[in-house]
Each structure stands twice: as structure tokens, then as C-alpha cells.
Amino acid sequence: MWSDIRQAVLSNWPPSRRPFLEHHRLSRYLSAIVASGEEQMVKPDPALFRRAVERLDATPERTVCIGNDAEA
């Protein structure tokens with residue numbers, strides 16, 4: 001059951017965060033990493049969220065976003 005759940009990081013991060021996740025072997029648990037510094041847009045831009053959903057090969061209706069900043 002859990003293997004069917006895809007996870008992503010969607011964050012207002014600089015491009016340097018991806019190597020951090022890879023170095024600490026955390027990226028292996030993620031199906032996508034969407035960092036604002038790589039995408040040239042920041043949360044709460046809806047386009048950034050759409051990119052994360054697309055990279056997860058999901059739909060908005062079947063996606064849950066868990067965040068730590070209500071405004072972003």
C-alpha cells in the first residue's frame with residue numbers, strides 16, 4: 001500500500017538544496033523535488049504546485065499538500 005504513495009518536496013529553496021538531499025540519501029524517498037530556485041518562481045504561485053503534481057504524475061484531486069506556512 002505505501003509503495004503506491006508518491007512523495008515530493010515542494011519548497012522555496014535555492015538550487016543548493018537538491019545536492020543536500022542527494023548527499024544525505026534523502027532524495028531516494030522522493031518521486032519529485034520542486035525547488036523554487038530551480039523553477040524561477042516561488043510559493044504560493046499556483047504554477048509551482050502544478051509542476052509538483054505533474055512530476056508526481058498525479059491530479060490535484062488526489063494530491064495532499066502538507067506545509068508549515070499557511071501563506072506559502
Side-chain angles (χ1 to χ4, degrees):
M1 176 180 145
W2 292 106
S3 63
D4 295 339
I5 297 175
R6 293 172 296 231
Q7 298 180 74
V9 167
L10 167 63
S11 188
N12 286 334
W13 280 353
S16 63
R17 295 289 198 224
R18 182 183 296 272
F20 174 86
L21 292 173
E22 292 168 356
H23 173 78
H24 292 284
R25 302 182 65 198
L26 297 171
S27 59
R28 65 184 168 156
Y29 299 108
L30 304 168
S31 298
I33 300 170
V34 182
S36 62
E38 296 173 350
E39 304 297 329
Q40 306 304 307
M41 61 182 82
V42 297
K43 294 187 307 178
D45 189 328
L48 196 60
F49 289 87
R50 282 193 293 272
R51 285 192 187 172
V53 170
E54 289 170 4
R55 291 184 188 165
L56 288 170
D57 193 28
T59 63
E61 298 80 16
R62 297 189 48 87
T63 304
V64 175
C65 178
I66 301 170
N68 63 345
D69 181 341
E71 291 186 25

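Side chains included, hydrogens not; waters and symmetry mates left out as well; all remaining heavy atoms used.
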On a heavy-atom basis, the closest approach of Pro15 and Gly37 is CG-O, 3.6 Å
Rounded to the nearest 0.5 angstrom, the CG-CG distance for Leu56 and Leu10 is 9.5 Å
Verify same cluster id: Phe49, Met41 (apolar side-chain graph, 4.5 Å): yes
Worksheet item: Any Lys/Arg nitrogen of Arg55 or Glu39 sitting under 4.0 Å from an Asp/Glu carboxylate oxygen of the other?
Response: yes
| Any side-chain heavy-atom pair from Trp13 and Arg18 closer than 4.5 angstrom? | no
Rounding to 0.5 Å, atoms CD (Glu54) and OG1 (Thr63) come to a distance of 11.0 Å
Item checked: NE2/His24: more than 12 non-hydrogen atoms of other groups inside 6.0 Å -> yes
- Message: I'd like to know if the side chain of Asn12 and the backbone of Lys43 have a donor-acceptor N/O pair within less than 3.5 Å.
- Response: yes
Separation between CD1 (Ile66) and CD (Gln7), nearest 0.5 Å, reads 8.5 Å
Distance col, row Ser36:OG vs Arg17:CZ, nearest 0.5 angstrom, shows 10.0 Å
- Query: Would you say Val42 and Val34 are hydrophobically clustered, going by side-chain heavy atoms of ILVMFWY under 4.5 Å?
  - Reply: no
Checklist entry - For atom CZ of Arg25, is the number of surrounding heavy atoms from other residues, nucleotides or ligands below 6.0 Å larger than 12? => result no
Rounded to the nearest 0.5 angstrom, the CG-OG distance for Asn68 and Ser11 is 7.5 Å
